[in-house]
Amino acid sequence: MDRQITASTCCYCGVGCGVLIEHNGERILGVSGDPAHPANFGKLCSKGSTLHLTGDVTARALYPELRLGKGLARHRSDWDSALDHAASVFAATITEHGPDSVAFYISGQLLTEDYYAFNKLARALVGTNNIDSNSRLCMSSAVVGYKRSLGADAPPCSYEDLELSDCVMIVGSNMAYAHPVLFRRLEEARSRRPQMKVVVIDPRRTDTCDLADLHLAILPGTDVALFHGILHLLLWEDWIDRDFIRDHTEGLAELKSLVRDYTPQMVSQLCGISVEQLQQCAEWIGTSSSFLSLWCMGLNQSTAGSAKNSALINLHLATGQIGRPGAGPFSLTGQPNAMGGRETGSLSNLLPGHRDAANAEHRAEVAAYWGVDQLPEKPGLTAIELFEQMANGKIKALWIACTNPAQSLPDQATVRAALQACPFVVLQEAFRTTETARFADLLLPAASWGEKEGCVTNSERRISHVRQAIAAPGDARPDWAITVDFAQRLEKYLRPGQTSLFAFDNPVQLFDEYKQLTRERDLDLSGISHALIDRLGPQQWPFPSGAVEGTTRLYVDGVFATANGRAQFIADPYRAAKEQRDARFPLTLITGRLRDQWHGMSRTGTAAQLFGHVSEAVLSLHPEELRRHRLQTGDLISLKSRRGAVIVPVASDDSVRPGQAFLPMHFGDRFLKGGANSLTLPAFDPLSKQPELKHSGVRLEPVQLSWQLFALIEGNVQQHFETLRPLCEAFSYVSLSLIGRERPALLIRAASAAAPDPHLLHDIDQCLGLNDGPVLAYDDPRRAIGKRVRIENGRITAIRLAGETLARHWLQNLWLEGRADEQLRRWLLAPLSAPPGQIDAEVIGNKTLCNCKNVSQNAVCTGIRRGLDLQGLKQELGCGTQCGSCVPEIKRLLAAQAQPQAAIS
Ligand SMILES: Nc1nc2c(c(=O)[nH]1)N[C@H]1C(S)=C(S)[C@@H](COP(=O)(O)OP(=O)(O)OC[C@H]3O[C@@H](n4cnc5c(=O)[nH]c(N)nc54)[C@H](O)[C@@H]3O)O[C@H]1N2
Ligand SMILES: Nc1nc2c(c(=O)[nH]1)N[C@H]1C(S)=C(S)[C@@H](COP(=O)(O)OP(=O)(O)OC[C@H]3O[C@@H](n4cnc5c(=O)[nH]c(N)nc54)[C@H](O)[C@@H]3O)O[C@H]1N2
Ligand code: SF4
Ligand SMILES: [Mo]
């Protein structure tokens, strides 16, 4: 078939970049940035630009699969049987135990039409508010912040404000990794307008700090104290906008008396920064002609998430820095359509059109529109509460869509017990490989990126049309269609003989029904349709019917969405994070994102290229902590919290302060035995119910895992993953990753206290193809040491080292280079397993800095030593010339060479 181009959007972060999908009607062949899309004007980051390399079809869910009892295997089913079965189980559960015995757990990655169908299903048909989404782990503190302070859940700014601002404060956001295309935009604006001040507030010195004039490495969880301390100084210095405060706000008096106590000395102590840094920050905020703040999970994922959001917005209200170009509080949305979820009411406490489930008038409006008598009054369970209730047996049937709770929720022991306890778990998923899939009684294959149609709203309130390029594989169907089909079947039990609430044949009908629920609400988008976006391009709400263009900025007239039109100062005192460092748990564990991985890695984890930058889960610790614990980079430790333990290697990293540790959030049980969230705590913010994923008390315990395993096998990596991962369960430490660009291979590292049963090793070798054929083997059973290498056509195709694994880097490199020479044969037949000669130190830990041009860190360092600057490196090596995601890191390497740091930190 001919090559075609379909304009759509990237399915990862909330920047919401437009992509051009190149395909032949059957397969996606390439992807590039859409120059016409106002979110990115043609740019993509390392994740967006590799979308076509991800999503290996062998990892996809292709057919409905059903099991008829816990412990039994799932069998292939068809849509009719699967959905009929689901409808009968849900109907029976609702009849016997009531509507609140079932629940829906959905996702910020669904499309607006999918959400709308789910909401109508839960609230109008089933009659429960038990519908929550992973946005509870992500944006719900921002929702509370906007609503309490400004009256509605509406980010007031636009991306162009990043270019127009004189002072940009980035708080609890590593946008260099998490919102890279926006970060590029800020970098460019900054280089055009060097007078722009950039402040970064993050306990860690992240790549984002590369742009900072000032980095405040505050102690975890102390943001409210910092913001109150800044306000204290703004008031003291009279850097406030009295007219704005008088005309457009209320509540300053109470806040004033609270922040009086937040003296610079006290705040500097609480936050672990200097008084000078605090003063500098306040001065820039108070004296810049425009002040913009950008924030993300460092504020939201906290037991004080709501207070942090409002305390930040207080600074904008006090200085009148809102509703003007380059000014305002601007949350960066995590997921591609978390905004759409909030608009359609996809948190248990919300209803469509920015309404509240607790508000009787709102319920009546929606019920009338839907033509049902009433909507449920009882508050629904939020994510953490939902899984806790499920573990207690209160939830009898759960429908999960487009999220992976057995990886992403905190306190995994409870989550896994809950999924085990729930009598009927339905999972609507694009990939059958996820941690949650194991718990599904019914697995429903969903269409994914490039295969579905609908709308998404990005961080700046801009609605894009997501267009389908190719058909979904196997029997997979779009989410809205699955939901509507199920709802129609459930109606036969719950509303027999009545006209269907779900007469939808396509996403356009869903959107058109939904948008009327936004009419005359703050987000009024009743003027938008799929066709209008196709004609005029993506649009920002509000966009009421009759409008000819969207709305760039909110509150330009100083009238807020509150009852009296005034914004509210909120006076919440500072409260420390729940788990403070103590003698038993002396470290604070921070979790967060890597540059090239997305969440639980169901998609990014299928592309070997995306492991080039960070190849495996490691715990980053300050060099001083390593010394204190007598550890060296690469040593395995047991990382323990009050809830669980995970064994990981440590790495020296001075971007983390002493007393803290950083573990990427991505590695679930599949990639790292136990997974990062075995450690995190379920405690949540009292208002937003968002859990404190960013700060858990942990300690390091030494482990003696003297028996080690290393394996590499090329070929069908997904299939190898599936057969080998379960066999590794016997080991204490298990870490899997992919390697290689042209010929991907699966890499396994494992360790245990003693050698495993020889049968297990035999089974592993069987999967690795190392029991027969062209295999060179050396075994020393007495010392439990063995090494095997398969060589085909002069090249290594599989490796297994058991006992000790000293030669692994050397072998990995031989494999990468496609070599299998005499030296390898000699080493294999020698009794000692040490690799020949010195292992080139550069082989160890050499990472790919630039994914687009495949440029390694070594190549960049060599270039720097030869005297190349950024321009020179770009010219000679090509690094940093495409997506630009690696530029901050290259700059850091350059700075490390050149010594004096520009940033005050
Ligand atoms: N590459 C990549 N990009 C993504 C995603 C992804 O999985 N991978 N996911 C998307 C989603 S859903 C989200 S929500 C966003 C998240 O985007 P971010 O929130 O920017 O990413 P995180 O790394 O989770 O956390 C940001 C920073 O908060 C800091 N932090 C921790 N505790 C505190 C604190 O108490 N105060 C302050 N001020 N900072 C603190 C951490 O050190 C970390 O650097 O990323 C989106 N973009
Ligand atoms: N420790 C720690 N934990 C965290 C965080 C943290 O910072 N630290 N961050 C939290 C945050 S902010 C977030 S947003 C969550 C994210 O947590 P999750 O929602 O669990 O993350 P994903 O892996 O993106 O899950 C989305 C799932 O949907 C599937 N999928 C993809 N496309 C489609 C589709 O079109 N339809 C359907 N039905 N399925 C599809 C994917 O295969 C994937 O398994 O993690 C949270 N957990
Ligand atoms: S910044 Fe990257 S991940 Fe986010 S939408 Fe754009 S291309 Fe996708
Ligand atoms: Mo998120």
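Counting starts at 1 for both ligands and their atoms, in listed order.
Nearest to atom 12 (S) of ligand 2 by heavy atom, out of Arg593, Met139, Glu435, Met665, is Arg593. Evaluated by nearest non-hydrogen atom to atom 36 (N) of ligand 2, the leading choice among Asn300, Asp479, Ile400, Leu444 is Asp479. Relative to atom 32 (N) of ligand 2, the option among Ser696, Ala447, Ser448 with the closest non-hydrogen atom is Ser448. Across Arg603, Gln428, Gln412, His599, heavy-atom proximity to atom 22 (P) of ligand 2 is greatest for His599. Between the choices Ala178, Gly108, Cys402, Cys296, the shortest heavy-atom distance to atom 33 (C) of ligand 2 belongs to Cys402. In the candidate list Glu429, Lys452, Arg477, Glu429 is nearest to atom 27 (C) of ligand 2, counting heavy atoms.
Protein heavy atom closest to atom 4 (Fe) of ligand 3, with residue, atom name and distance, is Cys13 SG, 2.3 Å. Annotation: atom 8 (Fe) of ligand 3 to nearest protein heavy atom, Cys10 SG, 2.3 Å. At the top of the distance list for atom 6 (Fe) of ligand 3, counting protein heavy atoms only, stands Cys17 SG, 2.3 Å.
The aromatic rings of Trp399 and Phe104 sit tilted relative to each other, their planes meeting at an angle between 30° and 60°.
Between Asp685 and Arg136 there is no salt bridge, since no side-chain N of the basic residue sits under 4.0 Å from a carboxylate O of the acidic one.
Taking backbone and side chain together, Cys45 holds an N, O or S atom under 2.8 Å from atom 2 (Fe) of ligand 3.
Ring to ring, Trp480 and Phe486 are not that close: their centroids are 6.0 angstrom or more apart. Between Phe387 and Tyr105, the distance from one ring center to the other falls under 6.0 angstrom.
The side chain to side chain donor-acceptor pair (under 3.5 Å) test with Ser46 singles out one residue from Asp596, Thr604, Thr848, and that residue is Asp596.
Those atoms of ligand 2 that come under 4.0 Å of a heavy atom in Asn677, given as number and element, are 1 (N), 2 (C), 3 (N). Numbered from 1 in the order shown, with element, the atoms of ligand 3 that lie under 4.0 Å from a heavy atom of Pro180 read 1 (S). Residue contact check: Gln301 has heavy atoms under 4.0 Å from atoms 5 (C), 6 (C), 7 (O), 9 (N), 10 (C), 11 (C), 12 (S) of ligand 2. Residue contact check: Val181 has heavy atoms under 4.0 Å from atoms 1 (S), 6 (Fe) of ligand 3.
Of the inter-residue distances, the one linking Ile170 atom CD1 with Phe330 atom CZ reads 12.5 Å to the nearest 0.5 angstrom.
If you check the side chains of Ser141 and Gln690, you find a donor sitting under 3.5 Å from an acceptor. Side chains of His465 and Glu453: a donor on one and an acceptor on the other come within 3.5 Å.
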